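Just below is one structure, and these are the notes that go with it.
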Amino acid sequence: MVRVTTPGVRLLPNAITVLALCAGLSSVQFALIGNYPMAIASIGIAAVLDSLDGRIARLLDATSKMGQELDSLSDGISFGVAPALVLYVWHAEGERIGWVASLIFAVCMILRLARFNTLIEDTEQPPYAGEFFVGVPAPAGGLLAMLPLILELQFGQGWWSHQYVVWVWTIAVAALLISRIPTLSLKTVKAPPKAIAPLLVGVGLLAAAIIQFPLVALAIALILYLAHIPYSVYRHRWLANHPEAWMAPPRERRAIRRSSSRRRLGLRPPLRRVVAGAAQRVRLQRGEQHVARAPRTISTDKDRGARRRSWRRIGLRKR
């Protein structure tokens, strides 16, 4: 059966992308009038809309080349240009180093998106590469750059709001954008049926935390995202060494992980013994061999003499 897509349905994902672009640009306008909480909220709204447009396009079978290019341009402005200008307006005070750091961040964001577009058309990647991003994705990078501003709005001025700390942090996030560090992609996360109810409860608690404590919840989410990077690197290396485990069910994948950890530590699997009756007979697994004990030999005077001579040969005294 051929699915027919109407022009209006095909327009919907592109309209969401344009809304994300408008939200990102609005953050600059809010920063110019000094409304920094709304500037952060605008970038957060742009991140949410950016995560929806691609999924809606795939669900409606409305993907197109124009939509991909529009999405990249929108991400470059919403998460590259807009955060750089917000940080410059907030903390630059006309200094040149602030403008240089803002330029570095915007350029690295554009380079990250250009590399992402080239990797989409790369067909030689391993199958497990779909679980990871190469470097920090654009929405996460745009929000990570705003972390010092979030901390100052919530906790006041501190070392995190010092001018040079802010610009060093901006350049560090820019380096994460263009790095080759693998980060987990939420697009491929699959939840088992038993975990659906707890996850829905967690989503409700997260929504309540965002409504009541928006800045604190956003700061904690960004810190947790940074903390997951070492696990993502470990997972990527493990899948590279065990590519057969990518398509395996979770139970089989855990068994492969346990067996590989035993081999790395040099441990042997435990023996399975069956003990029954008063005689306590032991049945060993198939394939195990009984090791016969070496017969004890009776030492003679000739052997004792050779043993004594060996002490003199190596220059030691027998005590």
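Every value quoted in this text rests on a predicted model; they were computed, and no experiment measured them.
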> Where the side chain of Ser232 meets the backbone of Leu184, is there a donor-acceptor pair that is under 3.5 Å apart?
Replying inline: yes
Which pairs would a plain distance check flag for residues 103-116, meaning a side-chain donor or acceptor within less than 3.5 Å of a matching protein atom at least two apart in sequence or in another chain?
from: Arg112; atom 1: NE; to: Val136; atom 2: O; distance (Å): 2.9
from: Arg115; atom 1: NH1; to: Ile178; atom 2: O; distance (Å): 3.1
from: Arg115; atom 1: NH1; to: Ser179; atom 2: O; distance (Å): 3.3
from: Arg115; atom 1: NH2; to: Val134; atom 2: O; distance (Å): 3.1
from: Arg115; atom 1: NH2; to: Leu177; atom 2: O; distance (Å): 3.3
from: Arg115; atom 1: NH2; to: Ser179; atom 2: O; distance (Å): 2.9

> Are Leu143 and Ile150 grouped together when hydrophobic residues (ILVMFWY) are joined by side-chain heavy atoms under 4.5 angstrom apart?
Replying inline: yes
> Once you round to the nearest 0.5 Å, how far does CG of Leu85 lie from CH2 of Trp90?
Replying inline: 15.0 Å
> Looking only at heavy atoms, which two atoms of Thr183 and Gly135 are closest? And how far apart?
Replying inline: OG1-O, 2.9 Å
> What are the two closest heavy atoms between Ala20 and Ala46, and how far apart are they?
Replying inline: O-CB, 3.5 Å
> Taking it one step at a time, do Leu87 and Trp167 satisfy side-chain contact (heavy atoms from CB on, under 4.5 Å)?
Replying inline: CA-CA 9 Å; Leu87 292 175; Trp167 300 127; 4.1 Å; yes
> Are any side-chain N or O atoms of Ser78 and backbone N or O atoms of Ser74, one a donor and one an acceptor, separated by less than 3.5 Å?
Replying inline: yes
> What is the distance from atom CG of Leu153 to atom CZ of Phe155, rounded to the nearest 0.5 Å?
Replying inline: 11.0 Å
> If you group Ile, Leu, Val, Met, Phe, Trp and Tyr by side-chain heavy-atom gaps below 4.5 Å, do Leu25 and Leu49 land in one group?
Replying inline: no
>> To the closest 0.5 Å, what do you measure between CG (Leu73) and CG (Leu21)?
In response: 8.5 Å
> Between His228 and Tyr231, is the gap from one ring center to the other below 6.0 Å?
Replying inline: no
> Quick one: CG on Asp50 to CG on Asp75, what's the gap to the nearest 0.5 Å?
Replying inline: 4.0 Å
>> With clusters defined by side-chain heavy atoms of hydrophobic residues (ILVMFWY) lying less than 4.5 Å apart, directly or transitively, does Leu205 cluster with Val203?
In response: no
>> My understanding is that only residues two or more places apart in sequence, or in another chain, count here; which of them pass side-chain contact (heavy atoms from CB on, under 4.5 Å) with His162?
In response: Tyr164, Val165
>> Can you give me the closest heavy-atom contact between Gly141 and Val173, atom names plus distance?
In response: O-CG1, 3.6 Å
> Nearest heavy-atom pair of Val28 and Ala82: which atoms, and what distance?
Replying inline: CG2-CA, 3.8 Å
>> What's the separation between atom CD1 in Ile223 and atom CG in Leu218, rounded to the nearest 0.5 Å?
In response: 10.0 Å
> Closest approach of Tyr88 and Gly98, non-hydrogen atoms and distance?
Replying inline: CD1-C, 3.9 Å
> What are the two closest non-hydrogen atoms of Pro137 and Phe133, and how far apart are they?
Replying inline: CG-CD1, 4.0 Å
>> Please tell me whether Val100 and Val86 are part of a single hydrophobic cluster in this structure, the criterion being side-chain heavy atoms less than 4.5 Å apart.
In response: no
> Atom CZ in Phe213, atom CD in Gln154: separation rounded to 0.5 Å?
Replying inline: 9.0 Å
>> With clusters defined by side-chain heavy atoms of hydrophobic residues (ILVMFWY) lying less than 4.5 Å apart, directly or transitively, does Leu206 cluster with Val216?
In response: no
> Listed by chain and number, what are the side-chain contact (heavy atoms from CB on, under 4.5 Å) partners of Gln212, not counting sequence neighbours?
Replying inline: none
>> Suppose the criterion is side chain to side chain donor-acceptor pair (under 3.5 Å): which pairs have a residue in residues 26-45, not counting sequence neighbours?
In response: none
> What residues form a side-chain contact (heavy atoms from CB on, under 4.5 Å) with Leu147, not counting sequence neighbours?
Replying inline: Leu151, Trp169, Ala219, Leu222
Show me the donor-acceptor pairs within less than 3.5 Å that the side chains of residues 12-19 make with the rest of the protein, sequence neighbours left out.
from: Thr17; atom 1: OG1; to: Pro13; atom 2: O; distance (Å): 3.0
from: Thr17; atom 1: OG1; to: Asp53; atom 2: OD2; distance (Å): 2.8

